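As the structure lists them, so they are numbered: ligands from 1, and atoms in each ligand from 1. For this chain, numbers begin at 1 and follow the sequence in order. As the structure is a computational prediction, the values presented were derived from the model and not from experiment.
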Amino acid sequence: EPGSGITVHFKDAKGTLLKTVEANEGDSILDIAHEYDIDLEAGACEGSVACSTCHVILPPEYYDLLPEPEDDENDMLDMAFGLTDTSRLGCQVKLTKELDGITATLPSATRNMFVDGKRTVVS
Ligand code: FES
């Protein structure tokens, strides 16, 4: 129904708003990034916590609402470029009503690019 969605903003590392979208409860940040074609183009491991390409930076007040990351997520985050205190893997952040209005910022240091048809991570 209209108005029942969870509003999510995506920003780039410079703080420029890329897109504001409506998500449903239970979607992950990675799911909606894919759905709305956001250049988090990530998701190299399809959400199985075996990469860190879905790294996003969250506002502290929203970060604090989330359950603690599991060990495997922490291990992957340790390898992420541009790690911050409020970094999470987008595939592990499941949206709930209380996260309405969240902003996911894409880290600056890593960019997944397709070069000659091959996925390349540029840092
Ligand atoms: Fe690989 Fe999130 S998509 S860890």
Does anything in residues 65-82 form a salt bridge (charged side-chain N to carboxylate O under 4.0 Å, His left out)? List the pairs, not counting sequence neighbours.
E73-R88
Run the numbers for me: atoms of ligand 1, each under 4.0 Å from some heavy atom of L30, listed by number.
3 (S)
Can a donor-acceptor pair be found, under 3.5 Å and without considering hydrogens, that links the side chain of D100 to the backbone of I6?
no
Going by heavy atoms, is S52 under 4.0 Å from ligand 1?
no
Heavy-atom distances under 4.0 Å decide this one: backbone, side chain, both or neither, for C51 against ligand 1?
both
Heteroatom N/O/S of C91 within less than 2.8 Å of atom 2 (Fe) of ligand 1:
yes
Counting only N and O atoms by type, is there a donor-acceptor contact under 3.5 Å from the side chain of Y36 to the main-chain atoms of E22?
yes
Pair S28-Q92, side-chain hydrogen bond (donor to acceptor under 3.5 Å, both in side chains): steps then yes or no:
CA-CA 6 Å; S28 74; Q92 299 304 303; over 6 Å; no
Atoms of ligand 1 under 4.0 Å from any heavy atom of V49, numbered from 1 in the order shown, are 4 (S)
I'd like to check which ligand 1 atoms, numbered from 1 as shown, lie under 4.0 Å from a non-hydrogen atom of C45.
1 (Fe), 3 (S), 4 (S)
NE2 (H55) and CG (L89) are apart, to the nearest 0.5 Å, by 8.0 Å
Relative to the heavy atoms of G47, which atoms of ligand 1 are at a distance of less than 4.0 Å?
3 (S)
Heavy-atom nearest pair, Y63 first then T86, reads CD1-CA, 3.4 Å
Using a cut-off of strictly less than 2.8 Å, determine whether C54 has an N/O/S atom near atom 1 (Fe) of ligand 1.
no
